[in-house]
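The next block holds one structure in the form of C-alpha cells; read it before the comments.
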Amino acid sequence: MGYNGLFQLPDELVLTTLAQAFPSREPQIRALATLVHPSAAPCRNLVLYGTKSTGKSAITAAVLAALENDDIDIDDNGSPGLKFAIVNCVECITGRHLFETVVGKVARALRWDGAPLKCETVSQLTVALSKMLKYTPRPDNFRFVLVFDGIDRQREAPPTLLPALARLSEIIPNITTVFIATSPPAGFLHTPFVSHIHFPNYTKPEFVAILGASPPTPLPNTTQAETTELWARFTAAVHDALARAASRILPSLRHACQALWPRFTAPILAGTHAPREFSKLLVAARVHFRDERLLDPGIVSAARRLQTPPPTQTPTTTTDPSTLTNGTVLPKPPQPTSSAPDLAALLPTTARLLLLAAYLASHNPARHDLTLFSTHHHGRRRRRGGLSVGVSGRSNAGRRSKHRKIARKLLGAHAFILERMLAIFASVRREWDPSGDEQQGMDSDTGMAIATLASLRLLVRVGGAGGAGNSDPMDRGGKWRVNVGWEVVRGLGRSIGVEIEEWLVE
Amino acid sequence: MSGRKSNTATAGRKRARSPNDIEEDSPAPISVKKQRVKGAAAAADEPSSSTSPLVNGGLSLGRRSSARAHKPAGKSVTSIYDVPDSDSEEKDEIGDAAVSVSHVLPQNGVVSESASSPVIEEELEPEPEPEPQPQPVKRRGRPPKNAQAAAGGQEGASTQTKPPDKALARRKPSVRNAAQPAPPKLDAPSAKATKTRRRRDSAESQEADHEEVPKGILSPSKRDSGRRRKSVAFSGAPHDDEAEITFEDLVPKVKKAGKARGARAQKAQEVLGAPEDDEEEVEEEQVEAASGEQGEEEEEEEDGSDDDDDEVCAICSKPDSKRGNQIVFCDSCDTAVHQKCYGLAVIPKGDWICRDCVQGGAEVNGGALTHEKGSVTVAAEQQRPDIPNFDQHLRLAQRVLLDRCTGRRRIKLRGQQEAYDKTLQLVEQTIVAGEGNSMLVIGGRGCGKTTLIESVVTEMSRLHKNQFHVVRLSGFIHTDDKLALREIWRQLGKEMEVEDEVVSKTNNYADTLASLLALLSHPSELEQTQDGVTSKSVIFVMDEFDLFATHARQTLLYNLFDIAQAKKAPIAVLGLTTRIDVVESLEKRVKSRFSHRYVYLSLPKSPPAYWDICRQGLSVDDEDMVAEGIDAMLEGHSQFWEWWNGELEALHKTRGFLDSLDSHFYSTKSVSAFLTTCILPLAGLRPTAPSLRVVWSSSASAAGGAQQKQVSLEPADSKLHLLESLSDLDLSMLIAAARLDIVAHTDTVNFAMAYDEYTSLMGRQRAQSASSGLLALGGGTRVWGRGIGGIAWERLVALGLLVAAAPGGRGSSGLGGLDAKMWKLDVALEEIAGAVKLNAVLARWCREI
C-alpha cells in the first residue's frame, strides 16, 4: 500500500479553528473529524445525538465543510477527497421527497451531470447512489459523507427506513452515513454497533462563554471593556434566573439576554449607576427578571411589552439601595397576562350561556344532573349538588392518604348529547340571564348560537358523523364536546355574573 | 484614644464592605482585585463609602503615630494588622484594605506630607535609587516602590511578604504611576514602606518580644527561604534577563488570565515553595495589575512581540511569531520554539513544558505538573522504541487496525469453523456440481453472519472465478417482492451484461418474474442435455430473511426455493436472519420447498474467546500481513510488531482494559461494540506518543472524569441522559406528572393535571420556605405561569419523555388543545432522582409522596 494508505489525522489547524469557533465543543469536533476524515478512521455509520440547540447540525456542517476545503488544498499530494451532502429530513414530507432530495444533493455535491433519477423507494435510492458513487471510478480513499439531519423527525417513516439507510454504507463502501437525532433509542439502526457522539447541553460557564463571544455594542457612557465584563456577569445572572429555572436552551437564553439588556442597562444610561455596580443594577432590574414573556415571546404582546417595562419604576426602586440589598422590599408580583382573547366581549349572551351549559354538560357526570338542576323537591336548584365538592382539593385532604381523586375538570371534556346540554341550558337560563325572559322559547336564537359556537369550534361535534358534516347539526341526539378550557369558561361565567365553579360537582 | 478607635472602625467598615463586593462579584475569582480597584476609586468617586480621602489620611496618620506610641504594648498595637500567619483569603482582604487605605494617601498628599513626622522623612532617605528604574522592569509595569518594599522586606529579619499580597500592594501605585510621574509623590506611596521600615527598626531594636509586629501590614509568613533571592532579583540589573524570561512565559498564559484569575491567585499561594514559580506568579499579578484589568492583554501582546524579536525558535531559528504560530517558551528550561515547528496545536492554558523537561523534570517541579493533564505532551512522551521507520510502521498499523475497527476491513471469523465448512461446501456444490441449495444462517446481530458469507464468497471467487454470480438482497431495503425482483433482475443484468433495454423493458411485475425465471431456467435446461457442463450458478444472499417472509404470499421465496429444489437452475439461496423461529413464519408451500438446512452462529462463549476475536482489531497476525498490504520487507517490521504485540499484551493485563472487555462481554458480547471503543484510542496514537496503554488509560479516565477530553462513542443507555439537559421547570413538570402516576393512580396524565400538581406542590413549598424564612429571590421557588409550563410540557413531549397515550383517542383531534391530551410517562418517579442531580426541593418531591 502506498503513501495514501497511511493513517493520518485531520489537520490540527483546521480543528483548532473550529474548536475556537464553537466553544466547549472540542471533543465532539475532534471525534467527528476523526470519524469522517478519509485518512483517519472513517466509519460507516455515525449517530450524533443531543437535545435541541447543542450545535449538532452546525458543527457537522462546519466540520465537513472545513475538511472538504482542507482536502482541496492538499489534493495535489494525492490526498483523498471528501464530499458531503446534508439533508434536512424535517423539510422532506414524504419518503419520496426525502430520497429525491438525497439524490439531488449528492449529484450536486459530486457535480454529477446525469439525468435526474426517479426515486420512490430505498431500493431505487440505493441504485441511484451506487451509480454515482460505486460504479463511477473514484480515487482510492474517496469518501462521501451523507448527513441525515433530524432523521428522527422524518414524517411517516416506515420502520425499515432507518435500518435501510444504515445499510447504504454496507452496499456502497465509500459512503459514511451520519444520522443526527435527538434521543435515538438503543439499536434503532438494527446494525451491530454504531458510533455515537453525544452533544450534551451546555453548562453555565459554557453558556456564559458562548454569549460572551458576542457582546453587545458598548453603551454611550461606558467603554467596551466595561460593557463586555458587565455582559458576562449579566448573562450569568440571566442564566440563573431564567434559563436554568425554566428554559435551558441557548436560543431562549440568548433571546432573554437581548431582550433584558436594554432594561438592565437603563440605569447606566440614565447615569444612576456605574457599570461596575453590578449588584445594584441587578436589584434595580429585578422586576424584569421575573418577566415570563422573556421566555414565551409573542407577537401580539410585543407592543404592549414595550410600554410596560416601567422606566419610571427604575428610579423608585433604586433610590433606596440599602433597603433593597437587605431584601426588605418584596418582589412585585408579575402582572398577570391575559393572553386569551376575551370571548365574553365577542359572543352574544345566548351563545355564552350555551357555552357554559356545554361546559357543565362536558364536565359534570349525567347522574348528578337531577341533583343539580331539578327544582322538583326543593323548589330551588341546589348548587354544588350538596356533595362534597372542594374544587380546590383541600377539603378532602383526609382521603389523600389513599389515592387522590383527580379533579374532573383537569381530565378534559367529555362528550355529551346535545339534548342534555339544551336541557341544562333551559333549566339555568332563567336564573343566569333574567333579562332574557321574554326570549324564552325562541329556538332559532338557540340554534344560531349553537351554529356560531360550532363554526368557531368552541363546540365540537364528535363521533362518527362529526367530521363528515353530513348529519344535521340540530340533531338532538348528536354528541358534542366543549372545546374551551377552564380559564376561559370561568371568565365567561363571571362576565355574566355566574361563578361556574359552583355548578361543578367535582 | 480616638484615633486608634476610629481607625479600627474604618477597617471594620472596609471589611464590612468587602463581603458585599464579593457577593456582587458572582465570578468569585475577580473579587480580590475588583475590590482593590474599588478601594482606589472609592475614595475619589463613590460618595457612599463615607471615608473621604482626607479622613483617611488623617486616620492613617493617627494610627501611625499611635502605633509608634503604643509599640511596646505589642499585642494590642497589632490588633488590626497583625493577622495570624495563614493564607486565608479574608486576611488578605483585610490586609488589602489596609494597604489601600495607605495608598489613598498620595492623592491628598499634602495632608500626609504636612503631617508626616520627621521619622518618616528620615526613613525615606536611604532609598533614593527607585526613580531611575531600569527599562525592562518599568515596562512590566513594576512600580518603583516595589523594589524598595521588596528590598526592605528582605532586609527585615524573618519578614516574608506573601507574594500575592505584595503584588496587590504594588498594583495600586503602579496604576497611578502610569498617570503621574513617580518622584513627587514618592514619599506618599512609600508611606507603607516607611511604616514597615519603621516598625522593622523598632523590631530590630526589640527583636525578642515583637517579632510579630512587622508582620502586620505585609501579612508575612514564616518561610523566608525564597524570599530573599526574589527581592534581590527585582532590584538588581543582573536579573533583568530572568525577569524577561518569566515574562515571556506569560504568552501561553494570556488566555488563562481572563478566566482563572482567582485560581491563579490561589495557586500563587500554593506554589510559594518553589522560588521560580513564586516569582512568575508575582510577575503575572503585577502585569495584570499594572495595565488594569482590560489593558493587560494588549500590553502582554506587545511585550510578547518585543521579546520575540530577540528570541528565535530553537528548531527553525527564525524569530517571527505570528498568531497561530507563536513562539512558545518552556516554563521550565526557557527553550523557545514555534508552535508549528514543535507540533503544538494549541497554546496550552497553564504552564507548558517542553518534552525534554517533561522527561527529566517531573521531580524537579514537584507534583505540580502532574496535575496538568491538559498538556498532552506531559503524558505523551513515553518510551518511544528505537525501531527504524517507526513512524511509517505505526501509521500503517493504525490504518489497518482502524479499518478493522470501523468495519471497513473484515476481521476473520474465529471459532466458527464448522459453520464455515458447511456453508462453503454447500456453495461449492452449487457452483461446481450445479446443485440447487437453500440454507438459513441464524445468529444474533454482530455474530458474523455476513462475515461468514462474505468470506465464503471470497474464497469461492478465488477458487472458481467467473463461474457464479452473487445477488445480494436486504429485507430492509427491498421491502416487497416487486422491488426485490427488480433488484435481482438489475443485479443479474449487470453481472450478466444484459442489454439495458431488456432490463428497462421489463417493467411490470409479471414480466420481470417471467423473464427472471426464463433467465434462470433456460440455460440449465439446455445444460441438462449435455452433461458435465454446468451453467453459471447464482448465489442469493438474503439479508434479514425474516422480512422477506412478511411479503405478501411469499412469492419470491416460493419461486426461489422452487427453482432451487427443482434443479431448474443451480442457485443457492442463503438466508441470513436473527430470528431462530423464522421457519415458522414460512407458508406451508414455501416451507416444504426449503431444504431445512441451518447454520447456527453463536457469540463467543468465554472471555478468552471474546478477546481472541477482539484482538484482531488491535493487532495483525503474521499470516495476514500480506493480505492487509503490510510490507514485511520494510526495515524494522518484525521489531515493530514485536514491540506492538508486547504493548498489547501489557495493555491486556491492565485493570481498566480488562474491565472494559469484561463489561462488553457480559453485557452484549458484541465484538464490534468493543472495537468501536478502540477507535479513538487507536486514532490518538502518534509517533511521539505511541503507547496504546497510555492513550487507553487517559481516554478511559477521561470518560469518567471531569476532564472530558475524549468523547465516548457508546450510545446512550436510555432516555435518562436527557434529564441532565432539562431546566428546573421541565424537571418539575416531569416529577409532577410522575407523582400523579403514584398519587392519583393514573397511568396517563395531561398537562392540566400535571400543572395543577406542580402548582400545588410549589404552593406547599412556598408556604414552607416562607415560614422558615427561606423565600429566596432565585428561581427555586418561583411558580412559572401556565404558558411557560406549557412550553416545558411541549419540550418533554418533543424529547419523547412523554408518549401519546392513545394515538387516535380523545383529545387528539385538536380538542382541548394542550390541556386535555393524555400522555404516558416514559420515566418513572424513582428513576428521575437517580438520573440527574436534583436540587433539594425537587429531590424532596421525588422522595415524599
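For the numbers below, each heavy atom of this structure counts, side chains included, while hydrogens, waters and symmetry mates do not. Fair warning: this is a prediction, and the values are worked out from it, not measured in the lab. Proteins get letters first, then strands, A, B, ... in listed order; numbering begins at 1 in each.
Of the atoms belonging to A/Leu35, it is side-chain heavy atoms, and not backbone ones, that fall under 4.5 Å from chain B. At a 4.5 Å heavy-atom cutoff, the contact between B/Leu726 and chain A is made by backbone atoms alone. Neither the backbone nor the side chain of A/Ala274 has a heavy atom closer than 4.5 Å to any heavy atom of chain B. For A/Pro163, the parts lying under 4.5 angstrom from a heavy atom of chain B are both the backbone and the side chain. For A/Tyr135, the part lying under 4.5 angstrom from a heavy atom of chain B is the side chain only. Interface residue A/Ser195: backbone and side-chain heavy atoms are both found under 4.5 Å from chain B. In this structure, chain B has no heavy atom under 4.5 Å from any part of A/Gln224. Both the backbone and the side chain of B/Ala673 come within contact range of chain A, with heavy atoms under 4.5 Å apart. Proximity to chain A involves both the backbone and the side chain of B/Gln392, based on heavy atoms less than 4.5 angstrom apart. Heavy-atom distances place the side chain of B/Leu402, and not its backbone, under 4.5 Å from chain A. Both the backbone and the side chain of A/Pro42 come within less than 4.5 Å of a heavy atom of chain B. For A/Ala246, the parts lying under 4.5 angstrom from a heavy atom of chain B are both the backbone and the side chain. Residue contact with chain B, scored on non-hydrogen atoms closer than 4.5 Å, is absent for A/Leu282.
Checking side-chain atoms of A/Ser247 against main-chain N and O of A/Arg244 turns up no donor-acceptor pair under 3.5 Å. Counting only distance, with no hydrogens or angles, the side chain of A/Arg248 and the backbone of B/Glu724 share a donor-acceptor pair below 3.5 Å.
The CZ atom of A/Arg286 sits 13.5 Å away from the CG atom of A/Leu281 when rounded to the nearest 0.5 Å.
Side-chain contact, A/Arg143 with A/Thr176: a donor N or O sits under 3.5 Å from an acceptor N or O.
Most heavy-atom pairs under 4.5 Å with chain B, from the set A/Asn45, A/Thr160, A/Thr34: that is A/Thr160. The residue among A/Thr191, A/Thr121, A/Val208, A/Asp152 with the most heavy atom pairs within less than 4.5 Å of chain B is A/Thr121. Counting heavy-atom pairs under 4.5 Å between each of A/Thr203, A/Asn201, A/Thr228, A/Leu46 and chain B puts A/Asn201 at the top. Counting heavy-atom pairs closer than 4.5 Å to chain B, the top-ranked of the candidates A/Ser123, A/Ala237, A/Ala19, A/Ala232 is A/Ser123. If you tally non-hydrogen atom pairs under 4.5 Å between each of A/Val127, A/Val47, A/Val122 and chain B, the highest count goes to A/Val127. Your options are B/Thr578, B/Thr406, B/Leu799, and the one with the most heavy-atom pairs under 4.5 Å with chain A is B/Thr406. Comparing B/Ser725, B/Gly787, B/Ala754, B/Gly475 by how many heavy-atom pairs each has under 4.5 Å with chain A, the most go to B/Ser725. Most heavy-atom pairs under 4.5 Å with chain B, from the set A/Ser183, A/Pro185, A/Ala31, A/Pro184: that is A/Ser183.
Listed by chain and residue number, B/Lys449, B/Leu601, B/Leu603 satisfy the side-chain contact (heavy atoms from CB on, under 4.5 Å) test with B/Cys447 (two or more places apart in sequence, or in another chain). Partners of B/Asp730 under the salt bridge (Lys or Arg N to Asp or Glu O under 4.0 Å) rule, at least two apart in sequence or in another chain, are B/Arg795.
For the pair A/Leu168/A/Thr126, a side-chain contact is recorded, criterion being any heavy-atom separation below 4.5 Å from C-beta on. Counting only heavy atoms from C-beta outward, the side chains of A/Leu161 and A/Leu165 approach each other to under 4.5 Å. Here the side chains of B/Thr677 and B/His664 are in contact, with some heavy-atom distance below 4.5 Å. For the pair A/Arg30 and A/Glu12, the minimum side-chain heavy-atom distance is below 4.5 Å.
B/Glu544 has a carboxylate O that lies under 4.0 Å from a charged side-chain N of A/Arg167, or vice versa, which qualifies the two as a salt bridge. B/Asp391 and B/Arg395 are not joined by a salt bridge, as no carboxylate oxygen comes within less than 4.0 angstrom of a charged side-chain nitrogen.
Using the six-membered ring where Trp is involved, A/His198 and A/Tyr49 have ring planes that are parallel, under 30° apart on the 30 and 60° scheme.
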